[in-house]
Amino acid sequence: MSNEAALHGHSDVAHAHGVDIHHEEHGHHKETFITKYVFSQDHKMIAKQFLITGMIWAILGGLMSVLFRLQLGYPDTHFQILEDLLGSKWAKGGQIQPEFYYALVTMHGTVLVFFVLTGGLSGTFANFLIPLQLGARDMASPFLNMLSYWFFWLASVVMLSSLFIETGPASGGWTSYPPLSALGDASEGSKTGMDLWLISMALFVVSSLLGGLNYISTILNLRTKGMSMTRMPLTIWALLFTAILGVLSFPVLLSGFILLLFDRHAGTSFYLSDIFLASGKALPNEGGSAILYQHLFWFLGHPEVYIIILPAMGLVSEVMSVNARKPIFGYMAMVGSMFAIAILAFLVWAHHMFVTGLNPFLGSVFVLLTLLIAVPSAIKVFNWLTTLWKGNIRFTPGMLFAIGFVSMFISGGLTGIFLGNSTLDIHLHDTMFVIAHFHIVMGVSGILGMFAGIYHWFPKMYGRYLNNTMAYIHFWITLVGAYLIFWPMHYEGLAGMPRRYLDVSGWLSFNQFGGLNRFISTVAMIVFAVQLLFVFNFFYSIFKGRKVITQNPWGATTLEWTAPIRPGHGNWPGEIPEVHRWAYDYAKDGREFIPQTEPLGSNESAH
């Protein structure tokens with residue numbers, strides 16, 4: 001007997017046995033363009049909305065990095081096209097002005113960290129995979145799910161609008177530290193742009209919380225018959241821990257932003273004290289602490305790193321196991337290491353603050369905890385490598401990106417050991433070394449994990465394949481290019497080159513890096529161009545790609561490949577499949593793979 005009526009609190013989902021599901025549970029009898037594509041409550045459509053919005057942001061964020069790399073690589077060159085495009089205020093004489101440079105750096109960081117790697121990555125794959133891999137008709141609350149996307153969209157519109165106001169977007173860095181962000185007179189970017197930034201981020205937090213609560217409820221309550229927690233694919237475990245991290249840490253960030261808005265407009269003194277301005281007069285505020293904001297920001301900011309990387313880890317684990325034709329090595333160790341990461345993520349935030357005057361003893365505690373979090377990360381790396389070991393590997397585009405992710409994660413993780421040491425951090429903090437470290441371990445790794453997921457699940461999303469030739473070009477140029485961009489920055493950082501400076505050619509000690517900066521800028525433009533090739537491949541393949549003709553093109557064991565090639569709203573016509581085994585029965589009993597829905601044989605033991 002199907003248990004879907006019991007599983008889904010709303011009984012009329014049980015009517016969803018036929019193929020022609022017309023949103024009965026939402027009171028619709030006939031789907032219109034608006035209910036199907038715009039205000040959709042189907043988790044698969046919402047996933048696509050998150051993905052395409054995230055891709056638009058990724059192009060904008062990447063374009064910003066190309067603009068400021070142009071400035072860093074060629075600080076003395078005048079590009080007339082820049083003035084034509086951006087106007088004389090931001091690019092006077094064809095050179096990016098200091099104020100606009102800081103705005104570009106700020107918006108690039110904000111867009112990539114929050115709107116692409118949090119909204120785009122979690123929003124897409126949590127929505128798409130949770131119901132399909134758990135055997136659910138939809139999310140626990142499809143309506144809240146829809147609201148989650150539209151709050152994200154609203155946040156995107158507010159953030160985008162800040163690019164078009166006269167004083168320009170926020171320019172206090174993606175972390176928006178006070179007092180720069182708290183004083184409207186401090187700079188152009190501290191005026192209306194900063195308010196729009198804070199409002200947009202508040203809307204983004206609401207979106208994340210709505211989504212996160214929905215993901216947790218769905219995973220805990222809507223698993224199909226036989227789908228125990230230990231039979232869930234690692235993607236679902238990763239998304240569960242990600243959602244828990246978000247629900248616990250995003251409210252702290254929101255409180256920090258609200259207090260900042262109070263300081264800006266209500267005359268409060270949470271972050272402002274009697275500091276002197278350039279004009280010579282002191283502020284009337286008393287008792288505030290700018291360091292308080294840093295604590296509130298990084299209490300989200302460090303879990304945020306794992307909110308980005310955990311979903312990528314889950315996607316990579318799944319893609320790797322499917323394409324190595326082997327069970328994932330150390331399933332329970334993988335789950336346990338994610339659990340350890342989720343706990344330790346909340347205990348390391350002050351390693352971003354070693355140079356704020358933090359008590360050295362307290363600093364040493366955070367050093368220990370920071371080095372400790374490397375242990376579960378290392379367990380995951382060893383398990384991925386062991387999964388590959390002696391596997392019958394198929395080098396699909398998704399698999400290549402998954403292997404690229406592991407490579408990047410190892411490389412970036414190693415430099416984290418340097419920065420996690422409070423003594424070394426005194427020299428390395430706020431240098432290009434920090435830029436190199438977190439772009440490799442979080443930025444590029446997160447993006448590669450996302451690409452692995454897109455290439456692997458695209459056939460399920462759209463019923464067509466992406467073009468393989470374009471995919472291989474995309475992979476190799478992206479991977480090699482990312483290393484060529486970010487690896488040399490470590491050496492610049494070790495030499496003391498500060499980040500966020502638009503021109504370091506005035507320093508005798510940094511003149512030696514002029515050629516290197518030009519090289520990095522050139523590679524950055526090539527890598528950006530190849531992302532546009534991916535975007536073309538993506539949209540071309542939606543309409544013209546090779547059609548998927550088999551239900552399970554990768555020979556995978558998980559439930560989403562038991563649904564129709566293009567599942568309707570409700571995912572399965574007829575009854576929801578029942579699960580009898582774990583998600584990684586590959587190369588077992590002389591068979592290439594055994595689906596989760598196949599009952600155990602008489603000689604098999606339950607996993």
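As the structure is a prediction and not an experimental result, all values here were calculated from the model.
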Mind listing the side-chain donor-acceptor pairs of residues 70-82 below 3.5 Å, one per line with the distance, residues two or more places apart or on another chain?
from, atom 1, to, atom 2, distance (Å)
Q71, NE2, L502, O, 3.1
H78, ND1, G93, O, 2.7
Q80, NE2, D84, OD1, 3.3

Distance-only criterion, 3.5 Å: show the donor-acceptor pairs between side-chain atoms of residues 144-153 and protein atoms not counting sequence neighbours.
from, atom 1, to, atom 2, distance (Å)
N145, ND2, N127, OD1, 2.7
S148, OG, S207, O, 3.1
Y149, OH, T53, OG1, 2.7
W150, NE1, V38, O, 3.4

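- The side chain to side chain donor-acceptor pair (under 3.5 Å) contacts involving residues 255-264 comprise D195-R264, D263-T268, where partners must be two or more places apart or lie in separate chains.
- Residue M107 holds its CE atom at 10.5 Å from OG of S171, rounded to the nearest 0.5 Å.
- Between F451 and F534, the gap from one ring centroid to the other is short of 6.0 Å.
- For F270, the ring-ring contact (aromatic ring centres under 6.0 Å, His included) test picks out no residue, with sequence neighbours left out.
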Considering only distance and modelled atom types, tabulate donor-acceptor pairs under 3.5 Å from the side chains of residues 55-67, sequence neighbours left out.
from, atom 1, to, atom 2, distance (Å)
W57, NE1, S156, OG, 2.9
S65, OG, G62, O, 2.6

Side-chain donor-acceptor contacts of residues 353-376 below 3.5 Å, not counting sequence neighbours, with atom names and distances?
from, atom 1, to, atom 2, distance (Å)
T356, OG1, M353, O, 2.7
N359, OD1, F361, N, 2.7
N359, OD1, L362, N, 3.4
S364, OG, F361, O, 2.5
T370, OG1, H351, ND1, 2.9
T370, OG1, F366, O, 2.6

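- Taking the ring centroids of F433 and H429, they lie at or beyond the 6.0 Å cut-off.
- Taking the six-membered ring for Trp and the full ring otherwise, the centers of H490 and W487 sit less than 6.0 Å from each other.
- A donor-acceptor contact under 3.5 angstrom links the side chains of T110 and W197, judged on distance only.
- In this structure, W298 has its ring center at least 6.0 angstrom away from the ring center of Y293.
- Shown here is Y483, whose OH atom has more than 12 heavy atoms of other residues, nucleotides or ligands within 6.0 Å.
- The side chain to side chain contact (heavy atoms under 4.5 Å, CB included) search around A342 returns F241, L245, not counting sequence neighbours.
- Screening residues 430-441 for salt bridge (charged side-chain N to carboxylate O under 4.0 Å, His left out), with sequence neighbours left out, gives D430-R499.
- Atoms CZ and NE2, on F346 and H302 in that order, are 11.0 Å from each other to the nearest 0.5 Å.
- Under 3.5 Å, the side chains of Q49 and S40 contain no donor-acceptor pair of N or O atoms.
- Within the 4.5 Å cutoff, the side chain of F50 has no heavy atoms near those of the F125 side chain.
- Applying side-chain hydrogen bond (donor to acceptor under 3.5 Å, both in side chains) to K89 and the options E99, E188, Q97, E83 leaves one that passes, E188.
- Residue pairs satisfying the salt bridge (charged side-chain N to carboxylate O under 4.0 Å, His left out) criterion with at least one member in residues 243-255, sequence neighbours excluded, are absent.
- Counting only residues at least two apart or in different chains, side chain to side chain donor-acceptor pair (under 3.5 Å) contacts with residues 272-291 comprise S269-N285.
- Residues I307 and S249 form a side-chain contact, since some pair of their non-hydrogen atoms from C-beta on lies under 4.5 Å apart.
- For F262, the CZ atom sits in a loose shell: 12 or fewer heavy atoms of surrounding residues, nucleotides or ligands are nearer than 6.0 Å.
- Pairs engaging residues 435-444 under the salt bridge (charged side-chain N to carboxylate O under 4.0 Å, His left out) rule: none recorded [sequence neighbours left out].
- By the side chain to side chain contact (heavy atoms under 4.5 Å, CB included) test, S208 pairs with F204, F250, sequence neighbours left out.
- Looking at T124, its side chain does come within 3.5 Å of a backbone N or O of L51 through a donor-acceptor pair.
- Proximity of T192 to E166: side-chain heavy atoms (C-beta onward) are nowhere separated by under 4.5 Å.
- Each of W507, F510, F513 was checked for a ring-ring contact (aromatic ring centres under 6.0 Å, His included) with Y501, and the lone residue meeting it is W507.
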